[in-house]
Asker: 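Quick one: the structure is below, and I'll ask about it shortly.
All chains are named by letter (A, B, ...) in the order of the sequence lines, taking the proteins before the strands, and each is independently numbered beginning at 1. Both backbone and side-chain heavy atoms feed into the values below; hydrogens, waters and symmetry mates do not.
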Number of protein chains: 2
Amino acid sequence: MPDNLGQEEYELLARLAHRYYVDGRTQEELSREFGLSRPKVQRLLERARWTGVVDIHVEAPPWLHLDLEAQLRGAFGLADAIVSPARADPQAQREEVARCAARYLERRLRDGYVVAVSHGRDTGEVPRFFRPARRLGCTFVSAMGGSPRVDAPTNPNEICRAFAERAGGRAVSLFAPAYVESAEMRDRLLAQDAVAEALRVAAAASMALVGIGGTDDDCTMVRSGCFSAEELARLRRWGAVGDVLGNYVDARGRVIASPESGRLIGLSIDDLRRIETVIAVVSEAEKPKAILGVLRAGVVDVLILDEGNARAVLGATGEDRGSGTTRGAGTARVTRRWEAPRAGTKEVVGSTTVR
Amino acid sequence: MPDNLGQEEYELLARLAHRYYVDGRTQEELSREFGLSRPKVQRLLERARWTGVVDIHVEAPPWLHLDLEAQLRGAFGLADAIVSPARADPQAQREEVARCAARYLERRLRDGYVVAVSHGRDTGEVPRFFRPARRLGCTFVSAMGGSPRVDAPTNPNEICRAFAERAGGRAVSLFAPAYVESAEMRDRLLAQDAVAEALRVAAAASMALVGIGGTDDDCTMVRSGCFSAEELARLRRWGAVGDVLGNYVDARGRVIASPESGRLIGLSIDDLRRIETVIAVVSEAEKPKAILGVLRAGVVDVLILDEGNARAVLGATGEDRGSGTTRGAGTARVTRRWEAPRAGTKEVVGSTTVR
DNA sequence: GTGAGAGGTGAGCAAATGCTCGGGCGTGGA
DNA sequence: TCCACGCCCGAGCATTTGCTCACCTCTCAC
């Protein structure tokens with residue numbers, strides 16, 4: 001198969017690889033057995049992997065999209081990205097994403113962690129699926145104020161309460177609206193101990209779980225009564241494409257300093273940047289622009305979303321990055337781990353996947 | 001694919017494996033990323049390999065028989081076994097085996113090595129293919145006496161000379177016949193300085209290259225005039241099935257103390273046992289009994305032979321050992337290296353190879 | 001309720017592995 | 001012929017990995 005290999009070399013590589021991977025000898029044993037230096041054996045094994053004499057294949061469940069996840073991580077420098085299986089029904093899709101988020105939290109939460117939580121339908125679904133293996137001494141705190149037209153489970157306080165119940169931890173509520181009428185009113189509210197204290201806890205969180213909002217007329221901010229359609233239209237004119245915790249950003253990820261930003265009660269983008277792990281959960285269709293904007297703002301560490309948004313976001317990034325790996329998730333050829341001995345990276349990786 | 005895995009676990013294993021093998025993270029990074037202890041990650045990766053979520057495949061050239069080699073090593077405790085590609089024509093087959101032997105020597109020989117060499121048509125072919133990359137300060141010494149009806153290239157002295165020429169080393173000749181008329185004559189010859197010296201060098205060799213002789217009427221010993229057909233028939237009656245360096249053994253590998261053994265000039269089986277690496281080269285058809293006998297004598301460390309003999313020897317060993325691995329050499333599932341977490345060995349290995 | 005056993009867990013260590021770097025050798029050009 | 005360049009090689013070190021062992025928890029029988 002590897003045509004650029006001489007017969008002699010092919011035999012040697014195959015022998016070494018077989019002895020190493022199948023028979024389980026160590027490289028040192030092989031070096032004695034074949035009369036080579038140990039580093040030489042290691043270089044030859046590397047070459048065997050590189051030429052395809054050794055093929056390491058990861059058989060992933062068909063419903064996972066590890067390739068998309070890898071592309072997302074790569075494209076946006078995320079610590080992690082999770083693409084949930086696709087569902088036709090929006091509610092089912094939301095639950096699927098929430099399930100992924102819940103699993104993720106279960107893996108990552110540790111006693112004593114403080115988690116700042118946003119509002120939103122996506123975020124709100126997460127607690128339902130959250131079942132940690134044991135009681136966690138965690139604190140869940142609202143990272144933003146509540147919405148006037150409350151349908152309970154999407155309000156941050158309520159979400160925190162649900163989390164705390166599931167985790168056996170405690171909830172810290174923020175008793176304030178997300179947006180107040182004026183900057184002056186905001187400052188006076190922030191001077192209240194109860195409000196200031198909650199925000200202080202939230203700002204010191206080690207983790208944040210946030211949704212990503214859009215700017216269409218049906219977005220959470222409008223539905224929940226925070227904004228009128230006119231206010232939102234004005235934000236769009238300012239270039240807004242989406243928000244986290246009420247902080248709007250434009251397509252290039254720059255925070256928009258609109259009149260609205262002065263009326264916001266909750267963590268700022270800069271507050272978020274100081275939080276170690278910011279987890280964004282998104283499931284709704286037609287959100288790629290908002291997601292892109294927020295990703296470009298560089299506050300998100302972990303992105304959990306559905307397949308459709310993942311593809312849309314990646315598609316919008318520019319031409320197909322790593323199109324070679326777009327094949328079925330099941331077939332993942334070895335790239336970075338067993339890099340080419342010495343060669344330009346991207347290029348060469350591209351050529352292996354052909355094979 | 002792995003049906004005995006829960007969905008959740010399958011996902012986790014796939015994620016870990018992908019991150020480890022494809023993205024090249026370390027286990028420690030994964031442990032942080034997934035919120036697991038490092039040993040846990042390592043156990044999960046082990047499980048991923050074991051359940052087939054990760055599949056390591058060695059693509060060997062179709063003309064190699066790495067599976068047969070592994071079985072030979074296993075069955076007879078050999079340090080190494082090399083099965084040469086099959087050839088229909090006996091002479092072509094002999095050359096193929098000799099080529100393998102030559103390659104093997106090239107890999108193993110080091111400056112200062114002393115190699116004891118037997119007579120025989122197989123051994124005699126090796127020097128023709130021997131082309132070390134650089135001059136080797138090696139000594140090649142006859143491990144047994146010569147034969148009366150000399151056709152030059154099968155006499156040990158001549159083989160040594162050819163080796164020395166190719167290697168740029170030196171040859172030490174043994175000026176004596178393989179068999180003399182009586183034990184008394186042998187003792188007197190051994191008392192000769194020239195003879196004793198050569199044998200002393202041979203006995204102190206770090207390597208021996210020997211053929212394996214049969215007991216049919218056309219064997220080297222008869223063709224070369226060492227024995228008459230009658231003498232050979234007598235050896236057969238004593239149970240002889242084959243020889244190394246003129247030392248005959250029976251089917252169970254016991255040395256035969258016949259009248260002939262007292263007349264032999266060359267290294268004994270015990271001398272051979274003291275040599276670190278004894279390499280046996282065999283190609284002729286119909287030799288499996290001789291090979292088996294000699295293997296059972298436990299003097300051979302490395303066996304180099306043709307496919308037909310390899311299969312015959314293994315077939316005769318008892319029922320198909322490791323029949324699971326008898327498939328094409330190209331497909332070698334991982335066994336020993338990534339053993340089952342905790343389980344009886346043979347059994348479990350058998351079951352992987354099914355898959 | 002209580003005790004015994006099985007199974008799972010992570011600290012810590014020994015071995016194996018990957019990698020860097022200085023040095024030798026061959027090749028091709030002046 | 002001699003020199004420069006580049007390639008390959010292996011010693012030695014830092015990191016990663018595999019593994020052992022003591023402990024902990026959970027289950028089940030008594």
Asker: Considering only heavy atoms and no angle criterion, is a donor-acceptor pair shorter than 3.5 Å present between the side chain of Arg43(B) and the base of dG10(C)?
Answerer: yes
Asker: Nearest-Å distance, CG (Leu36(B)) to P (dT17(D))?
Answerer: 15 Å
Asker: Using whole Å, what does the distance between atom P of nucleotide dG10(D) and atom CG of Leu44(A) come to?
Answerer: 10 Å
Asker: Starting at CD of Glu29(A) and ending at C1' of dA16(C), how long is that distance when rounded to a whole Å?
Answerer: 11 Å
Asker: When the distance from CG of Leu30(B) to P of dT16(D) is rounded to whole Å, what number comes out?
Answerer: 12 Å
Asker: Do the side chains of Glu95(B) and Arg99(B) get close enough for a salt bridge, i.e. N-O under 4.0 angstrom?
Answerer: no
Asker: Counting only side-chain nitrogens and oxygens, does Gln27(B) get under 4.0 Å of the OP1 or OP2 atom of dT16(D)?
Answerer: no
Asker: Taking CD from Glu28(B) and P from dG18(C), how many angstroms apart are they, rounded to a whole number?
Answerer: 17 Å
Asker: May I ask you to evaluate whether Tyr20(A) reaches the phosphate of dA16(C), defined as a side-chain N or O under 4.0 Å from OP1 or OP2?
Answerer: no
Asker: Can you name the ring pair (Phe, Tyr, Trp, His ring centres under 6.0 Å) partners of Phe34(B), sequence neighbours left out?
Answerer: none
Asker: Could you state the atom-to-atom distance from CZ of Arg25(A) to P of dA16(C) in whole Å?
Answerer: 12 Å
Asker: Calculate the interatomic distance between Arg110(A) atom CZ and dT9(C) atom P; express it in whole Å.
Answerer: 12 Å
Asker: Using a cut-off of strictly less than 4.0 Å, decide whether Gln42(A) has a side-chain nitrogen or oxygen near OP1 or OP2 of dT17(C).
Answerer: no
Asker: Can you name the ring pair (Phe, Tyr, Trp, His ring centres under 6.0 Å) partners of Tyr113(A), sequence neighbours left out?
Answerer: none
Asker: Whole-Å distance between dG18(D) C1' and Arg47(B) CZ?
Answerer: 18 Å
Asker: Ignoring backbone atoms, establish whether Lys40(A) has a side-chain N or O less than 4.0 Å from OP1 or OP2 of dC9(D).
Answerer: yes
Asker: Looking at dA11(D), dG12(C), dG18(C), which one has an atom nearest to any side-chain atom of Arg38(B)?
Answerer: dG12(C)
Asker: Should the pair Tyr10(A) and Trp63(B) be assigned to parallel (<30°), tilted (30 to 60°) or perpendicular (>60°) ring geometry?
Answerer: perpendicular
Asker: Evaluate the ring planes of Phe130(A) and Phe140(A), with Trp represented by its six-membered ring, and classify them as parallel (under 30°), tilted (30 to 60°) or perpendicular (over 60°).
Answerer: perpendicular
